[in-house]
Asks: 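What follows is a structure written as structure tokens; I'll ask about it next.
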Amino acid sequence: CRHRHAAAAAALKIYVFGGLSNEGIYSCLNILDTESMRWNVISAAGEWPCARHSHSLVSYGSTLFMFGGHDGQRALNDFYSFDTTTLSWNKEITSGRTPSPRFSHCMFIYKHYIGILGGCPIRENNQEIALLHLKHRVWFHVSIPALGQCLCVRSSSVVTDDDLVVIGGGASCYAFGTKFCQPVKIDLHLLESVFELAYKKNDNAVQSWDATYTMDLKEREQNGTFISHKVKSMVDAATNGIAGSDPLVFQLEKKYAKLAKDILKKFGWLDLARKVRVSQDNVLVLFPVSRNFHTLVTDQHSKLLDDDSCISKGLLGCPEKKLIGDSIALHEALEILSSFHGSFLKDELALSRKAYKSPQIIMRELISSLLERKGMPSWLLEQLPTRWETLGDITVLPKTCFKDLLWESVREELWQLVAKSLGAQRLARQGKIMPNGTRDSTLELLVGDNGWVTHYENGISYSLDATKCMFSSGNRSEKLRMGQLDCRDEVVVDLFSGIGYFVLPFLVKANAKLVYACEWNPHALEALQRNVMDNHVADRCVILEGDNRLTAPKGVADRVCLGLIPSSECSWATAVRALRVGGGVLHIHGNVNDSDEARWLDNVVESISSIATARGLSWKVSLEHVERVKWYGPHIRHVVADVRCGSN
């Protein structure tokens, strides 16, 4: 049995590769013969893919294609084919920008294209579809605005005629909750035209394919001519002295303005985010236009600019209302606009207005320049972070960014540029929490002299050396919940105090009468002692250094906090001993698979009851509340069980 595998059919057989079970991640290929309904496991020849789950598999004739997935450590973006006649694997060599590593994505076949969209990790360009032309083996990318509001994670995709239908999928996140996606229908018929445009752009040489084409694929003419209400593309070429990023205006005489505006608007070439205006001499009209319009005119229709003989006389003789009311083809629209003898200019007004740039854009621009100066590959930009956290004045990058060893050669300049783009005084990169008893931090300080920082949260100050102690901002809601309790007459024991994550809310906000704080990490102890002093609660806190199973007080607590994940079970018996004879409340933390939550909660109650009975305590043990703090990983949730222990 397995799940998160991938399957595809060829001839009368179904091929199943990879997947996940309690035994681990698979790399085997199983074949189901649908006539005999018998399974076979084959030992295929060639370059065998590594074990993976949440990947994609599609069939194209007698060939299967597989992309991406997760190997248990990281997302993948390798691309394999499997020949069902020779039973051999082959790692495909392609040109163009390979899709970013991902899992739980969609893959589909449309004519002679393979398409890939969505998946995890969710990126800024989640509305982008990566397409592989199977004949030329070249990737190109199309951005679909209709996908901008979708989280295409674990979605299903089906192609019917020229339509791609994406159904379902979504994601759950502590920050914005659970979001499921409505069905989306995308017209794919323009892909041939976009590919041909890009192919000609590269002089029929498939070697530079970094452009992203943005299209609203909605309509086609009955005769199949290339047409769309909003067809846009962003091409990073520089022609006629106009830089690829410059906003453009198309200027022409006033007498052509009405018809030109209607055509530009009809085909989505008019940039509605900017205003149409007239020249200072009131002779010309300046239309803000998209980069696509400039590219089409200069690359495909430049021969029309000075050749009135190419214009359809029938079209020019039509009334404006009738002309625009009809479904004119793209080439006809370009012929009409070309006949107006307009010209392109930089939109100096737009350039003079300093548009807001997000930190991500600033970072990408700075590091792109660095890579270009150093002669380093542009694919390294895939490793730029899309999110980060702040801890005091330290900006903390995720451990998944800048992983390639090539970055080491420019690390000094790199980190300064990243800090500049984020406006950070100090910069660090998160590491794994050490799987030892003291759960040491491996935060790497990149810019700055030392790791000591003061972080303010829920009206409490936490000081720590971030390079030695962990701090989880994801537990903020649980710290807030503990602080909202009324503990004025209570004694609290915190068995895993750390720097005071829950000790301080109990003392500062919940006004606990006394808190016993157990901790054995010397770095955390140093921070804890400093924090109870800084928050003026040291007189109500007893710090106990060492293993809580040896140091924790017995028979004194009204409430015990067990804030250790993934499991605090090692100290459940210690927690029961710490409660008063009359009982109290245990806050038991754990990381729980969402499908096992009920079983885990039953085990908590049964285990605490058994421990109490073994100690001769006639308690009624019951589950008072379940707090689901955050998602710790796929299907793994940080859960807190509030367990009430008391006399029967």
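All residue numbers refer to positions in the sequence shown, counting from 1. Being a predicted model, the structure only gives us computed values, none of them experimental.
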Asks: I want to check something: taking the side chain as every heavy atom from C-beta on, are Val396 and Leu443 in contact at a cut-off of under 4.5 Å?
Replies: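 Of all side-chain heavy-atom pairs linking Leu443 with Val396, at least one is under 4.5 Å.
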
Asks: Could you walk me through whether Thr454 and Tyr462 pass side chain to side chain contact (heavy atoms under 4.5 Å, CB included), step by step?
Replies: CA-CA 5 Å; Thr454 299; Tyr462 295 88; over 6 Å; no

Asks: Of all heavy-atom pairs between Arg137 and Ile93, which one has the smallest distance, and what is that distance?
Replies: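 It is CB-O, 4.2 Å.
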
Asks: Please name all residues satisfying side chain to side chain contact (heavy atoms under 4.5 Å, CB included) with Asp271, sequence neighbours left out, ordered by chain then number.
Replies: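 Listed in chain order: Ala273, Arg274, Pro288.
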
Asks: Hey, are the side chains of Thr94 and Val138 touching, using non-hydrogen atoms and a 4.5 Å cut-off?
Replies: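 No, every pair of side-chain atoms sits at 4.5 Å or beyond.
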
Asks: Could you go step by step and tell me if Leu134 and Tyr60 meet the side chain to side chain contact (heavy atoms under 4.5 Å, CB included) rule?
Replies: CA-CA 10 Å; Leu134 288 169; Tyr60 182 72; 3.6 Å; yes

Asks: I need the Leu117 CG to Cys106 SG distance, nearest 0.5 Å.
Replies: 5.0 Å

Asks: Aromatic rings Trp139 and Phe79: how do their planes relate, parallel, tilted or perpendicular, breaks at 30° and 60°?
Replies: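 The arrangement is perpendicular - the two ring planes meet at more than 60°.
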
Asks: Hey, what do you get for CH2 (Trp452) to SG (Cys469), rounding to the nearest 0.5 Å?
Replies: 6.5 Å

Asks: In terms of side-chain geometry, is the basic nitrogen of Glu444 or Arg429 positioned less than 4.0 Å from the acidic oxygen of its partner?
Replies: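 A salt bridge links Glu444 with Arg429.
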
Asks: So, Asn77 side chain and Ser100 main chain: donor-acceptor pair closer than 3.5 Å or not?
Replies: no

Asks: Can you see which heavy atom on Cys152 is nearest to which on Val166, and at what distance?
Replies: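 Answer, listing the atom of Cys152 first, then Val166: SG-CG1, 4.1 Å.
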
Asks: Could you state the interatomic distance from CG (Leu417) to OG (Ser369), rounded to the nearest 0.5 Å?
Replies: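 If we round to the nearest 0.5 Å, Leu417:CG and Ser369:OG are 8.0 Å apart.
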
Asks: Answer yes if the ring centres of Phe17 and Tyr26 are under 6.0 angstrom apart, and no otherwise.
Replies: no

Asks: Assign the ring pair Trp89 / Phe82 to parallel, tilted or perpendicular, where the plane angle (0 to 90°) is split at 30° and 60°.
Replies: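 It falls in the tilted class, 30° to 60°.
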
Asks: My understanding is that only one of Arg291, Lys275, Arg277 makes a salt bridge (Lys or Arg N to Asp or Glu O under 4.0 Å) with Asp347; could you say which?
Replies: Arg277

Asks: Is it the case that the side chain of His70 and the backbone of Arg52 share a donor-acceptor pair, with hydrogens and angles ignored and the cut-off at 3.5 Å?
Replies: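 No, the answer is negative, given that no donor and acceptor are paired below the 3.5 Å cut-off.
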
Asks: Are the charged groups of Lys403 and Glu382 less than 4.0 angstrom apart, N to O?
Replies: no

Asks: Are any of the side-chain heavy atoms of Gln430 and Leu397 separated by less than 4.5 Å?
Replies: no

Asks: If you measure only the distance, is there a donor-acceptor pair under 3.5 Å linking the side chains of Lys135 and His112?
Replies: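 Side chains of Lys135 and His112: no pair found under 3.5 Å.
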
Asks: Taking everything shown except Asp449 itself, do over 12 heavy atoms lie less than 6.0 Å from its CG?
Replies: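 No, not enclosed.
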
Asks: Is a side-chain donor or acceptor of Glu413 paired with a backbone partner of Leu370 at a separation under 3.5 angstrom?
Replies: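 No, the answer is negative, given that no donor and acceptor are paired below the 3.5 Å cut-off.
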
Asks: Tell me, do Arg364 and Leu381 make a side-chain contact under 4.5 Å, heavy atoms counted?
Replies: yes

Asks: Is any side-chain heavy atom of Asn475 less than 4.5 Å from a side-chain heavy atom of Lys630?
Replies: yes

Asks: Can you list everything that forms a salt bridge (Lys or Arg N to Asp or Glu O under 4.0 Å) with Glu365? Sequence neighbours excluded, please.
Replies: Lys357

Asks: Identify the two heavy atoms, one from Pro99 and one from Ala130, that lie closest to each other, and give their separation to 0.1 Å.
Replies: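 In terms of heavy atoms, the two residues are closest at CG-CB, 3.5 Å.
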
Asks: Check the orientation of Tyr113 and Tyr110. Use parallel for under 30°, tilted for 30 to 60°, and perpendicular for over 60°.
Replies: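 Parallel.
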
Asks: Please report the closest heavy-atom contact between Ala527 and Ser463, naming both atoms and the distance.
Replies: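 Answer, listing the atom of Ala527 first, then Ser463: CB-O, 3.3 Å.
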
Asks: To the nearest 0.5 Å, how far apart are CG in Asp83 and OG in Ser88?
Replies: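 Here the rounded value is 5.0 Å.
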
Asks: For Leu345 and Leu248, run side chain to side chain contact (heavy atoms under 4.5 Å, CB included): C-alpha distance rounded to whole Å, both residues' side-chain angles, the deciding distance at 0.1 Å, then the answer.
Replies: CA-CA 6 Å; Leu345 297 174; Leu248 303 178; over 6 Å; no

Asks: Got a second to check how far Leu131's CG is from His141's NE2, nearest 0.5 Å?
Replies: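 So the CG of Leu131 and the NE2 of His141 are separated by 8.5 Å.
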
Asks: Angle between ring planes, Phe67 versus His105, binned at 30° and 60°: parallel, tilted or perpendicular?
Replies: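 The rings of Phe67 and His105 stand perpendicular, inter-plane angle above 60°.
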
Asks: Any non-hydrogen side-chain atom of Pro359 less than 4.5 Å from a side-chain atom of Trp388?
Replies: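 Pro359 reaches Trp388 side chain to side chain.
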
Asks: Within the 4.5 Å heavy-atom criterion, are Val418 and Ile367 side-chain neighbours or not?
Replies: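 Contact flag for Val418/Ile367 side chains = yes.
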
Asks: Taking atom CD of Glu412 as the centre, does the number of heavy atoms from other residues, nucleotides or ligands within less than 6.0 Å exceed 12?
Replies: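 No, CD of Glu412 has 12 or fewer neighbouring heavy atoms, counting only those of other groups under 6.0 Å.
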
Asks: Any side-chain heavy atom of Leu76 within less than 4.5 Å of one from Phe103?
Replies: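 No - every pair of side-chain heavy atoms lies 4.5 Å or more apart.
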
Asks: With no hydrogens and no angle check, do the side chains of Ser81 and Thr63 hold a donor and an acceptor under 3.5 Å apart?
Replies: no

Asks: If you take all heavy atoms of Pro377 and Leu371, which pair is closest and at what distance?
Replies: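 Between these two residues, the closest heavy atoms are O-CD1, 3.7 Å.
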
Asks: Determine whether more than 12 heavy atoms belonging to other residues, nucleotides or ligands lie under 6.0 Å from atom CZ of Arg387.
Replies: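 Result for CZ/Arg387: open.
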
Asks: Applying ring pair (Phe, Tyr, Trp, His ring centres under 6.0 Å) between Phe250 and each of Trp269, Phe293, Phe287, report the one that passes.
Replies: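 Testing each of Trp269, Phe293, Phe287 against Phe250, the sole residue satisfying ring pair (Phe, Tyr, Trp, His ring centres under 6.0 Å) is Phe293.
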
Asks: Could you name each residue pair satisfying ring-ring contact (aromatic ring centres under 6.0 Å, His included) that touches residues 409-428, not counting sequence neighbours?
Replies: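 Those involving residues 409-428 are Phe402-Trp415.
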
Asks: Does any N or O in the side chain of Thr395 come within less than 3.5 Å of the main-chain N or O of Ala424, such that one atom is a donor and the other an acceptor?
Replies: no

Asks: Check Val153 against Gly119 and note the closest heavy-atom contact, atom names and distance.
Replies: CG2-O, 3.8 Å

Asks: Distance check, rounded to the nearest 0.5 Å: Leu406 atom CG versus Gln383 atom CD?
Replies: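 CD of Gln383 is found 8.5 Å from CG of Leu406.
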
Asks: Tell me whether Arg426 is salt-bridged to Asp393, with the criterion being a basic N under 4.0 Å from an acidic carboxylate O.
Replies: yes

Asks: Would you confirm whether the ring centroid of Phe344 sits within less than 6.0 angstrom of the ring centroid of His294?
Replies: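 Yes: the rings meet the under 6.0 Å criterion.
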
Asks: Please report whether the ring centroid of Phe65 lies less than 6.0 Å from that of Tyr80.
Replies: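 Judged by ring-centre distance (under 6.0 Å), Tyr80 and Phe65 do not meet the cut-off.
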
Asks: Checking the side chain of Arg102 only, and the main-chain atoms of Gly118 only, is there a donor and an acceptor separated by less than 3.5 Å?
Replies: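 Answer holds: yes.
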
